[in-house]
Amino acid sequence: MADIPSDLIWTRAAPPGATGPGPWIEIAFGEGADGEAPVYLRETSDPRNVVTTNRRKWDAFVLGVQAGEFDHFVEGVLEDDGTE
């Protein structure tokens with residue numbers, strides 16, 4: 001496993017107003033501004049297990065989410081209030 005910098009600033013991806021420990025996904029951006037700069041992801045319930053990708057792949061993923069390319073993964077998943 002690659003060395004994970006100890007000074008990363010982790011940003012939690014949780015719904016607005018969410019409380020409690022999650023589990024939530026956290027994202028941290030490594031040094032660099034080019035497409036090969038590292039991006040780190042982890043889950044709050046297992047923060048020692050870190051997945052690493054690069055900025056180019058992360059940006060492509062985010063654009064895909066915004067475009068609805070992954071909506072089929074959540075079809076039929078209930079919200080906390082019991083609605084879809």
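FYI, the numbering just counts along the sequence from 1. For clarity, every value in this text was computed on a predicted model and none was experimentally measured.
In this structure Phe29 satisfies the side chain to side chain contact (heavy atoms under 4.5 Å, CB included) test together with Ile27, Val39, Arg55, Trp58, sequence neighbours excluded. With sequence neighbours left out, Gln66 forms a side chain to side chain contact (heavy atoms under 4.5 Å, CB included) with Val62, Leu63. Residues forming a side-chain hydrogen bond (donor to acceptor under 3.5 Å, both in side chains) with Ser6 (at least two apart in sequence, or on another chain): none.
Heavy-atom minimum distance, Ala28 versus Ile9: CB-O, 3.5 Å. Closest approach of Asn49 to Arg42, counting heavy atoms only: O-CB, 3.7 Å. Here the closest heavy-atom approach between residue Thr52 and residue Pro38 is recorded as CG2-CB, 4.4 Å.
No continuous path of hydrophobic side-chain contacts links Leu41 to Trp10 [ILVMFWY only; heavy atoms under 4.5 Å]. Hydrophobic clustering (ILVMFWY, side-chain heavy atoms < 4.5 Å, transitive): Tyr40 and Phe61 are in distinct clusters. Hydrophobic clustering (ILVMFWY, side-chain heavy atoms < 4.5 Å, transitive): Trp24 and Phe70 are in distinct clusters.
Thr44 has its side chain within reach of Arg12: a pair of non-hydrogen atoms, C-beta onward, lies under 4.5 Å apart. A 4.5 Å side-chain heavy-atom check between Arg56 and Glu36 finds at least one atom pair inside the cut-off.
Going from atom OG1 of Thr11 over to atom CD of Glu26 covers 8.5 Å, rounded to the nearest 0.5 Å.
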